Participant: 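Sharing a structure here in structure tokens format.
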Protein chains: 2
Amino acid sequence: MNRQDRGIQHLNDLEEIRKNQIILATLKKISEVGSDNVTMDDIAREAGLSKGGVAHYFPSKDVLCREAFKRFFERIFQRSRDTIIGFADPLSKLLSFGWLYNWNDPDVNLGYPLLFDAMAMASHDAAYRQLFHEWVDRWIEMLSEAIREGREYGLFQDADPVETARTISAIYHGVAVRWYLDRDSHSSDWALRAVRNSITRLMGVKG
Amino acid sequence: MNRQDRGIQHLNDLEEIRKNQIILATLKKISEVGSDNVTMDDIAREAGLSKGGVAHYFPSKDVLCREAFKRFFERIFQRSRDTIIGFADPLSKLLSFGWLYNWNDPDVNLGYPLLFDAMAMASHDAAYRQLFHEWVDRWIEMLSEAIREGREYGLFQDADPVETARTISAIYHGVAVRWYLDRDSHSSDWALRAVRNSITRLMGVKG
DNA sequence: CATGAAAATCCGTCCAGTCGGTCGAAATAC
DNA sequence: GTATTTCGACCGACTGGACGGATTTTCATG
């Protein structure tokens, strides 16, 4: 981005644009090499700025990374919500996250390394655990809503919706780890069958 | 360990003792701060040696970490095998990993940060993916054996044992992540119920 | 004295964060 | 309308510290 572009923006707009630009670059770089191995120089260059330019918008690497992770998780959650509301049937809602196991999805290729990085951070850093907790909680809220709905219609067997939602969420996650990290032995088809099987049986739906 | 101890050992013994000592220290430190943040100095001090002492036994940090991870995964797997063979009933075998959700277990407190670290590495490094793959494969072999047994006795419904084993393994993993990283919302009781429920229903066992 | 393990030291590299400076644009003065 | 000043985004050289690996030194042992 050259200097000509700058004048045509309001200042507040510019700040938001630059921050976004930097955060996108941060996510890409962390995804590529991990947050411990990424340098501010890498991020700056990826964003088309210099170290000083990045420093102008973010006070430290730590703050930048946290903000980047936060926005990324937010985006993934929004996407999940957009997907789930496209289904009316409660079981379909619970099974609507197949895109998590699609190699051609750009969010997937960017996202899994980010997720693993965030989890590794979380195991040492309470702030990242909090971030993870908030993210999971929003998923649970969304899933348990669908479960309650299904129970009302008599589709699902009786069980605590929140507890069941946590189990479903965990199953998606566990399958995802295998699918992404041991890809030669865990095809996308396996992943889809695994979650479908586990979840339908868990909910007491006749197969 | 002080100098008096050293003379009473054969040289080959000593080498194995030192390597073990260093590896244990490495695992502890990685568990505490992550493999990227650990320094050779940290490891040496933890092992009661100096940097030079460690360098004498391991050529580089990279090699040391890989070897440490390898031995750790091996140990966990051995422990799992020891546990599973204590049960005769195939379903009990599949449910015999409750110790994975026990906060008082020393392997647990040491192990989860190591596992998350290894996964984050694996998402960038094929060598760690290979390590993960081999580890998973041994689990799958062990689990699918129990599943085959259960099918022979007519306890489990028909389904591909390996595919089902992969699903069970993934469920254990997914539940573990939630339990360890979002501990305030996921009790050990929840974790045990979650795997028991998911697995018994997946296997078609009458609850 | 000889040997080799371990300690101490050194050196090259890398990186986060700082700071003085540049440049263009907007504001103000005249 | 033009000159001048101010403002702030941005740059990039630099610093200080940390680290990994190699080299040198010390020392226990036989």
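To find a chain, count down the sequence lines: A is the first, B the second, and so on, and within it residues start at 1. As the structure is a prediction and not an experimental result, all values here were calculated from the model.
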Participant: Let me check I have this right: for DNA chain C, each base becomes ., (, ), [, ] or |, based on Watson-Crick or G-U pairs with both distances under 3.5 Å. What is the full string?
Facilitator: ||||||||||||||||||||||||||||||

Participant: Could you pull out the protein-nucleic contacts involving nucleotides 20-24 of chain D (nitrogen or oxygen on both sides, under 3.5 Å)?
Facilitator:
unit_1, atom_1, unit_2, atom_2, d
D/dG20, OP1, B/Val38, O, 3.1
D/dG20, OP1, B/Lys61, NZ, 3.0
D/dG20, OP2, B/Met40, N, 3.0
D/dG20, N7, B/Lys51, NZ, 2.9
D/dG21, OP2, B/Lys61, N, 3.2
D/dG21, N7, B/Lys51, NZ, 3.0
D/dG21, O6, B/Lys51, NZ, 2.8

Participant: Excluding sequence neighbours, so at least two apart, what forms salt bridge (Lys or Arg N to Asp or Glu O under 4.0 Å) with B/Glu141?
Facilitator: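 Not a single residue meets the salt bridge (Lys or Arg N to Asp or Glu O under 4.0 Å) criterion with B/Glu141.
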
Participant: To the nearest angstrom, how far is A/Asn37 atom CG from C/dC15 atom P?
Facilitator: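 For the pair A/Asn37 CG and C/dC15 P, the rounded distance is 9 Å.
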
Participant: CG of B/Asp42 versus P of D/dA18: gap in Å, rounded?
Facilitator: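 Result: 12 Å.
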
Participant: Measure from CD1 on B/Ile22 to P on C/dA7 and round the result to the nearest Å.
Facilitator: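 After rounding, the gap between these two atoms is 10 Å.
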
Participant: Test of understanding: with salt bridge (Lys or Arg N to Asp or Glu O under 4.0 Å), list the residues that count as partners of A/Asp89, not counting sequence neighbours.
Facilitator: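 A/Asp89 satisfies salt bridge (Lys or Arg N to Asp or Glu O under 4.0 Å) with no residue once adjacent residues are dropped.
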
Participant: Among D/dA9, D/dC11, C/dA6, which is the nearest nucleotide to the side chain of A/Tyr57?
Facilitator: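 Looking only at heavy atoms from C-beta outward on A/Tyr57, the closest nucleotide is D/dA9.
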
Participant: Over 60° means perpendicular and under 30° means parallel, so tell me whether B/Tyr101 and B/Tyr172 are parallel, tilted or perpendicular.
Facilitator: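 The arrangement is parallel - the two ring planes meet at less than 30°.
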
Participant: Using whole Å, what does the distance between atom P of nucleotide C/dA6 and atom CZ of B/Phe58 come to?
Facilitator: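 To the nearest whole Å, that distance equals 12 Å.
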
Participant: Once salt bridge (Lys or Arg N to Asp or Glu O under 4.0 Å) is applied, do any residues pair with B/Glu145, and if so which ones, sequence neighbours excluded?
Facilitator: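 Expected list: B/Arg148.
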
Participant: Can you say whether the rings of A/Phe132 and A/Trp135 are parallel (under 30°), tilted (30 to 60°) or perpendicular (over 60°)?
Facilitator: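 Tilted.
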
Participant: Donor-acceptor pairs are to be reported for all side-chain atoms of residues 38-46 of chain A against protein atoms at under 3.5 Å, with residues two or more places apart or in another chain.
Facilitator:
unit_1, atom_1, unit_2, atom_2, d
A/Thr39, OG1, A/Asp41, N, 3.3
A/Thr39, OG1, A/Asp42, N, 3.0
A/Thr39, OG1, A/Asp42, OD1, 3.4
A/Thr39, OG1, A/Asp42, OD2, 3.3
A/Asp42, OD2, A/Thr39, N, 3.3
A/Glu46, OE2, A/Lys28, NZ, 3.0

Participant: Nearest whole Å is fine: how far is D/dC19 C1' from B/Leu64 CG?
Facilitator: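 That distance rounds to 15 Å.
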
Participant: Any side-chain heavy atom of A/Asp137 sitting closer than 4.5 Å to one from A/Arg166?
Facilitator: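 Yes - at least one pair of side-chain heavy atoms lies under 4.5 Å apart.
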
Participant: Hey, does B/Phe72 have a side-chain heavy atom less than 4.5 Å from the side chain of B/Leu24?
Facilitator: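 Not in contact.
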
Participant: Roughly how many Å is it from CZ in A/Arg18 to P in D/dG8, rounded to a whole number?
Facilitator: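 For the pair A/Arg18 CZ and D/dG8 P, the rounded distance is 16 Å.
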
Participant: Under 30°, 30 to 60°, or over 60°: which ring-plane class applies to B/Tyr112 and B/Phe116, parallel, tilted or perpendicular?
Facilitator: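 Aromatic pair B/Tyr112/B/Phe116 classed tilted.
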
Participant: Any side-chain N or O of A/His56 below 4.0 angstrom from OP1/OP2 of D/dC10?
Facilitator: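 No.
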
Participant: What is the distance, rounded to the nearest whole Å, between atom CZ of B/Arg45 and atom C1' of C/dA6?
Facilitator: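 Rounded to whole Å, this separation is 15 Å.
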
Participant: For A/Lys19 and D/dC10, give me the distance from atom NZ to atom C1', rounded to whole Å.
Facilitator: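 In whole Å, D/dC10 C1' and A/Lys19 NZ are 16 Å from each other.
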
